[in-house]
A.B. asks: 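Once you've had a glance at the structure underneath, I'll fire off some questions.
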Amino acid sequence: MLKPTTVLSRVIIPRYLSLSFWRSITLPYRKMAGLPSTYDGAIHIAVIGGTGIQSLPGFTLAATLTVDTPWGPPSSPISVLHHENDGGQSTPVAFLSRHGLHHEFAPHEVKNQANIAALRSLGVRTIIAFSAVGSLQEEIRPRDFVVPDQIIDRTKGIRPFTFFEGGMVGHVGFGDPFDAGLAKVVQKCGHALEGDGVRLHDSGTLICMEGPQFSTRAESNLYRSWGGSVINMSALPEAKLAREAEISYQMICMATDYDCWRNVDGEDVNVTMVMAHMKANAENARRFVGAVLNELTKKEHEVQVQAKHLEGQMKWMGAMTKKEGRWGEAEKKLGWLFPGYFD
Ligand SMILES: CSC[C@H]1O[C@H](OP(=O)(O)O)[C@H](O)[C@@H]1O
Ligand SMILES: Nc1ncnc2[nH]cnc12
C-alpha cells in the first residue's frame with residue numbers, strides 16, 4: 001500500500017507523487033549542480049562514510065566526480081573536498097558514501113570493487129573508512145570509537161572480493177588487515193579529542209558478518225568467545241580490495257549498540273538504536289575526521305599518505321599469471337587499475 005501524505009478534500013495523493021518526496025530524492029544532486037565534474041591533480045586521501053555519514057559537512061566542496069570503472073560505477077558520486085589544515089594549507093580529499101547517497105545499497109550490495117578502483121584512479125593511496133558497529137565487550141560503550149587492528153571474516157562468499165580473477169591470478173598479504181602507520185596517526189588524533197566527549201579504544205578485533213539481518217544470540221556469544229571486540233557488515237571486502245589496490249586503509253568504528261548478547265533493558269540491536277547513537281555522536285565523528293585530516297596533510301606524513309610502502313607490490317610480488325596464460329577481460333581491467341604494471 002502506498003503511504004498517503006496529503007489529503008485534499010477527497011483526493012489522496014500518493015507519497016511518490018508529492019513535491020516534497022521528489023525534492024528529498026533530488027536534493028543531493030541539486031546541491032551538486034553547478035559544481036565542477038572534473039578535478040585536476042591527484043587526490044591522495046579519501047574518506048569512506050558509512051551508516052549515518054552520507055556526507056561530510058563543514059568542508060568546502062570543490063567538485064563532484066562521477067567515475068566509471070571496469071567494475072561499474074561506485075556506490076555514490078565522489079565529492080572532492082578542500083581541507084584547510086592548521087597551517088593554512090589546502091589539500092583535496094575524496095569522499096564516498098559506501099551505501100549510496102540515500103543508503104540504498106545493503107552491505108552485500110555495496111560496490112566495493114568500483115569504489116576502491118575509482119578512488120585509486122583519482123590518485124588515492126590512503127583511506128579512512130567509517131563504520132557503525134555493535135559492541136561485543138562491556139567496556140566498549142555505545143558512542144565509543146574503536147581503531148580495530150584485526151578482522152574475522154564472517155561474510156559468506158557472496159560478495160565480489162578480489163580484483164585478481166577471471167584470467168589473472170594475484171595474492172597479497174593480509175596478516176595485518178589495517179595499516180599500522182595510519183593507525184598510529186588515527187589513534188593520536190582520537191586521544192587528543194579524549195575528555196571532550198570522545199572515548200577511544202586503540203585496538204580490537206572486528207567481526208565482519210554477512211547481514212543484512214543482525215546476529216543470533218548464539219552467534220553473538222560465539223564471537224565474544226573468539227575475542228571479538230566489535231561487529232559490522234562492511235569491513236570486508238573493502239579492506240581486502242584496498243590492500244590489493246596498494247592503498248593504506250584504516251577503519252574507524254563507532255559503537256552504536258551491544259548487538260544482542262547483552263540485551264539492554266530487554267532490547268536487542270535495531271536500526272533506530274543505531275541511527276540514534278550515530279546522530280547524537282555525529283559531531284564527534286566529524287571532529288575526529290577533521291583532526292585526522294589535519295594531521296595527515298602535514299608534510300611529515302607525505303610518504304605514509306602516498307603509501308610508498310605498498311607501491312608496486314602487485315607488480316613485483318602479487319600477480320602470478322604469465323602473459324601467455326592470461327585470459328578474459330582481466331588484463332584489460334587490471335591495466336585500467338594499474339596503468340603500466342602488466343604491459
Ligand atoms: C544500520 S546497522 C547495520 C549497518 O551499519 C553498519 O554500516 P557501516 O559499516 O557502513 O557504517 C554495518 O556494517 C551495517 O552495514
Ligand atoms: N550489532 C551490529 N551487528 C552488525 N553490524 C552492526 N552495525 C551496527 N551495529 C551492528
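The figures that follow rest on heavy atoms only: side chains count, while hydrogens, waters and symmetry mates do not. Counting convention: from 1, in listed order, for ligands and their atoms alike. Sequential numbering from 1 along the given sequence is applied to the chain's residues.
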A.B. asks: Quick one: which ligand 1 atoms are inside 4.0 Å of a heavy atom on Ala132?
C.D. replies: 5 (O), 6 (C), 8 (P), 9 (O), 11 (O), 12 (C)
A.B. asks: Quick check on contacts: which atoms of ligand 1 are under 4.0 angstrom from a heavy atom of Arg98?
C.D. replies: 8 (P), 9 (O), 10 (O), 11 (O)
A.B. asks: Ligand 2 versus Asp257, non-hydrogen atoms closer than 4.0 Å: side chain, backbone, both, neither?
C.D. replies: side chain
A.B. asks: Could you identify the single nearest non-hydrogen protein atom to atom 5 (O) of ligand 1 and state the distance to 0.1 Å?
C.D. replies: Thr51 OG1, 3.0 Å
A.B. asks: Under 4.0 Å from a heavy atom of His99: which atoms of ligand 1 are those, numbered in the order shown and with their elements?
C.D. replies: 7 (O), 8 (P), 10 (O), 15 (O)
A.B. asks: Within a distance under 4.0 Å of any heavy atom of Thr256, pick out the atoms of ligand 2 and give their elements.
C.D. replies: 8 (C), 9 (N)
A.B. asks: Do the side chains of Glu210 and Arg159 get close enough for a salt bridge, i.e. N-O under 4.0 angstrom?
C.D. replies: yes
A.B. asks: Does only the side chain of Ser131 get under 4.0 Å from ligand 1, or the backbone, or both, or neither? Count heavy atoms.
C.D. replies: both
A.B. asks: At a 4.0 Å threshold, what atoms of ligand 2 neighbour a non-hydrogen atom of Met209?
C.D. replies: 4 (C)
A.B. asks: Which ligand 2 atoms, with their elements, are less than 4.0 angstrom from a heavy-atom of Asp259?
C.D. replies: 1 (N), 2 (C), 3 (N)
A.B. asks: Can you check whether Gln304 reaches Lys184 side chain to side chain, under 4.5 Å on heavy atoms?
C.D. replies: no
A.B. asks: Can you list the atoms of ligand 2 that are under 4.0 Å from a heavy atom of Asn232?
C.D. replies: 4 (C), 5 (N)
A.B. asks: Using distance only, find each side-chain donor-acceptor pair of residues 327-338 under 3.5 Å and give its atom names and separation, not counting sequence neighbours.
C.D. replies:
from   : atom 1 : to     : atom 2 : distance (Å)
Glu331 : OE2    : Lys323 : NZ     : 2.5
Glu331 : OE2    : Arg326 : NH1    : 2.9

A.B. asks: Counting non-hydrogen protein atoms only, what is the nearest one to atom 12 (C) of ligand 1? Give residue, atom name and distance.
C.D. replies: Met233 N, 3.6 Å
A.B. asks: Against Lys240, only a single residue in Ile151, Asp153, Ile116 fulfils side-chain contact (heavy atoms from CB on, under 4.5 Å); can you say which?
C.D. replies: Asp153
A.B. asks: Below 3.5 Å, N or O to N or O, backbone or side chain included: is there any such pair between Phe214 and ligand 2?
C.D. replies: no
A.B. asks: Are the charged groups of Glu246 and Arg120 less than 4.0 angstrom apart, N to O?
C.D. replies: yes
A.B. asks: Hey, what do you get for CG (Asp268) to CG (Asp259), rounding to the nearest 0.5 Å?
C.D. replies: 8.0 Å
A.B. asks: According to a hydrophobic-cluster definition based on side-chain heavy atoms being under 4.5 Å apart (Ile, Leu, Val, Met, Phe, Trp, Tyr only), do Val146 and Ile207 belong together?
C.D. replies: no
A.B. asks: Under 4.0 Å, heavy-atom basis, I'd like to know which part of Phe214 is in contact with ligand 1: side chain, backbone, both or neither.
C.D. replies: side chain
A.B. asks: As an exercise, identify every atom of ligand 1 less than 4.0 angstrom from a heavy atom of Ser234.
C.D. replies: 7 (O), 8 (P), 9 (O), 10 (O), 12 (C), 13 (O), 15 (O)
A.B. asks: Donor-acceptor pairs are to be reported for all side-chain atoms of residues 160-172 against protein atoms at under 3.5 Å, with residues two or more places apart or in another chain.
C.D. replies:
from   : atom 1 : to     : atom 2 : distance (Å)
Thr162 : OG1    : Phe164 : N      : 2.9
Thr162 : OG1    : Glu244 : OE1    : 3.2
Thr162 : OG1    : Glu244 : OE2    : 2.6

A.B. asks: Near Gly50, which atoms of ligand 1 are under 4.0 Å from a heavy atom of that residue?
C.D. replies: 10 (O), 11 (O)
A.B. asks: Need the ligand 2 atom indices (1-based, order shown) with element for anything under 4.0 Å from a heavy-atom of Met233.
C.D. replies: 4 (C), 5 (N)
